[in-house]
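Single-structure report; data block below.
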Amino acid sequence: MGITGNLAARLTAIRQSSLRNSRQTIMSRRLQARRTDGVDKNVWVELTQMAADYKAVNLGQGFPDFSPPPFIQEAFHEALRGGPPMHQYTRAFGHPPLVKRLAQFFSRIVGHEIDPLEDILVTVGAYQALFYAFQALVDEGDEVIIIEPFFDCYQPMAKMAGGKAVYVPLRPKVEGGTVLASGDWVLSAEELATKFTPRTKAVVINTPNNPLGKVYKTEELQMIADLCIKHDVLCISDEVYEWLTYDGAKHVKIASLPGMWERTITVGSAGKTFSATGWKVGWAIGSGQIIKHLKTIHQNSVYHCATAAQEAVARGFEREHALFGTPESYFQQLPAMLHQRRKKLASCLESVGLQPIMPEGGYFMIADISSAKVDLNDQGTEDELYDSRFVKWLIKEKGLATIPVSAFYSPEHSKEFDKYIRFCFVKEDSTLDAAEDILRKWSHGQ
Ligand code: IK2
């Protein structure tokens, strides 16, 4: 090999070595952004898969296994047949007919004239409205007060925005030795007051609550509102189950209380409203001064939600506006139907010795499993909480899927609440019958 050949070989060797080094640099670099640390586990992903793997009767995840009402299905079909505009982008912050209907519908409930273009943002489900609220409003180091038990995504969303979750639990007030209803779980005003600091940016509430079914009373909301106003703090109010209340419980919007419209982001879900969770249409409603910041996140990330689904939801609200308060309204019919299913599930649980906590609202019922005698030694990992191991046992050995209630608590408090599991009763009667069959056979030792 001549001088030129030597040089070429050396250059190739240098190039290969620098390529190897740069590959090593990439491989040794941290692949993951810190905001994803510790939020990688997700109860829905894990248990939904497990329920499918074991073909379990599914009272786990909160979705109806029956069809949405015909009028809303027809509205979607019509939207799809509505020509090119229904298949293309619409207004980024919400399809005009939908924001118009939402403003018309909710203005009378909130007692405030809602501006369809300024005060509403349509999102991909309530999940995204919540995500935007955290991203747009919470800064590095801000504190967010979360009332336990809580829909599990609030904590990772606060963390991913750089904030810190601060927890305050609803505590069961025990009378005569048993807690029988979700209304018996109460928030201590004194305890909540101690959680506010100069870094507190927002309080998150969820009424009707998932998983407990608690429907906050006006006095309870007023107490929270007074503290928000006193400390000049925002309120993120997750009200996806707003139409689902039972036994005379009344849903009240915290945004309707004096001084709260200006500081509340109310989150809603067409999925829960019209029993069509797969459509993933949701919204955030609040003062334009706040919503404009959520819009900033939206226009720089998702930009736009599916047009035809928004059109269908607009038609659904148009119908419900006309029928509001009448027996034909779906917002009357759905809770009436679910009231029966809730009673059916409660009596089944009682009959097999699992004490249910009767929910005043929502999709779910939690039940005390402390009296169930089950050998869980082979289930889950050693550090896994009792309810989580119990739920896995129930799926694998009995073919029934439920959700552990500790998943709705902070790591600090989950151990105290690991003797409850959550059942979804928004299911066909035949699904509830199949669950009852499993529970009865189990209680008879089969
Ligand atoms: N907020 C709450 C309180 C929810 O329960 C949900 C839906 N979660 O249901 C899953 C379960 O608990 O089994 C949402 C927000 C999200 O709503 P959407 O489906 O509109 O994004």
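Ligands are counted one by one from 1 in listed order, and the atoms in each one are counted from 1 as well.
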To the nearest 0.5 Å, tell me how far Leu338 CG sits from Leu345 CG. 11.5 Å

Are Trp279 and Phe63 near enough that their ring centres are under 6.0 Å apart? no

Select one of side chain, backbone, both or neither to describe which atoms of Glu239 lie under 4.0 Å from any atom of ligand 1, heavy atoms only. neither

Within the supplied structure, the quantity of interest is the number of heavy atoms (other residues, nucleotides, ligands) at a distance under 6.0 Å from Gln32 CD; does it exceed 12? yes

Could you list the atoms of ligand 1 found under 4.0 angstrom from a heavy atom of Gly125? 20 (O), 21 (O)

Which atoms of ligand 1 have any heavy atom of Tyr127 under 4.0 Å away? 16 (C), 21 (O)

Test: Arg341 cationic atom under 6.0 Å from Phe425 six-membered ring centre, within 45° of axis: no

Return a yes/no value for Arg422: is any of its N or O atoms, backbone included, closer than 3.5 angstrom to an N or O of ligand 1? yes

Taking atom 1 (N) of ligand 1 as the reference point, the nearest protein heavy atom with its distance: Asp238 OD2, 2.6 Å

Heavy-atom pairs closer than 4.0 Å: do any link ligand 1 to the side chain of Phe63, the backbone, both, or neither? neither

List every atom of ligand 1 that sits less than 4.0 Å from any heavy atom of Lys280, numbering the atoms from 1 in the order shown and giving each element. 18 (P), 19 (O), 21 (O)

Distance filter under 4.0 Å to Asn206 heavy atoms, resulting ligand 1 atoms: 3 (C)

Should the heavy atoms of other residues, nucleotides or ligands under 6.0 Å from CZ of Phe71 be counted, would the total exceed 12? yes

Determine, for Arg263 against Asp232, whether the closest basic-nitrogen to carboxylate-oxygen distance falls under 4.0 angstrom. yes

Centroid separation Phe105 to Trp243 less than 6.0 Å: yes

When only distance counts, is Ser269 in polar contact with ligand 1, meaning an N/O pair under 3.5 Å? yes

Considering heavy atoms of the protein only, find what lies nearest to atom 9 (O) of ligand 1 and give residue, atom and distance to 0.1 Å. Lys272 NZ, 3.2 Å

Can you find an N or O of Ala126 that's nearer than 3.5 Å to an N or O of ligand 1? yes

Closest approach of any protein heavy atom to atom 5 (O) of ligand 1, naming residue and atom: Tyr241 OH, 2.5 Å

Could you tell me if any non-hydrogen atom of Gln128 lies under 4.0 Å from any atom of ligand 1? no

Is there at least one pair of N or O atoms, one from Val240 and one from ligand 1, spaced under 3.5 Å apart? no

Taking heavy atoms and a distance under 4.0 Å, where does Phe151 meet ligand 1: side chain, backbone, both or neither? side chain

Near Gly62 (heavy-atom distance under 4.0 Å), the atoms of ligand 1 are 11 (C), 13 (O)

Looking at Lys100, I want to see if its NZ is surrounded by more than 12 non-hydrogen atoms of other residues, nucleotides or ligands under 6.0 Å. no

Between Glu46 and Lys392, is there a side-chain N and carboxylate O pair less than 4.0 Å apart? yes

Thr277-ligand 1 polar pair, N/O distance under 3.5 Å: no

Short N-O contact, Lys272 and Glu242, less than 4.0 angstrom: no

With heavy atoms of Gln61 as the reference, note each atom of ligand 1 found under 4.0 Å away. 13 (O)

Between Tyr241 and Tyr363, what is the ring plane arrangement, given parallel below 30°, perpendicular above 60°, and tilted in between? tilted

What about Tyr154: any of its N or O atoms under 3.5 Å from an N or O on ligand 1? no

Give a yes/no on ligand 1: does Phe364 have at least one heavy atom closer than 4.0 angstrom to it? yes

Tell me whether the guanidinium CZ or amine NZ of Lys419 lies under 6.0 angstrom from the six-membered ring centre of Tyr386 and within 45° of its axis. yes

Using a 4.0 Å heavy-atom threshold (strictly under), name the region of Trp44 that reaches ligand 1: side chain, backbone, both or neither. side chain

Quick check: are there more than 12 heavy atoms from other residues, nucleotides or ligands sitting under 6.0 Å from CZ of Arg35? no

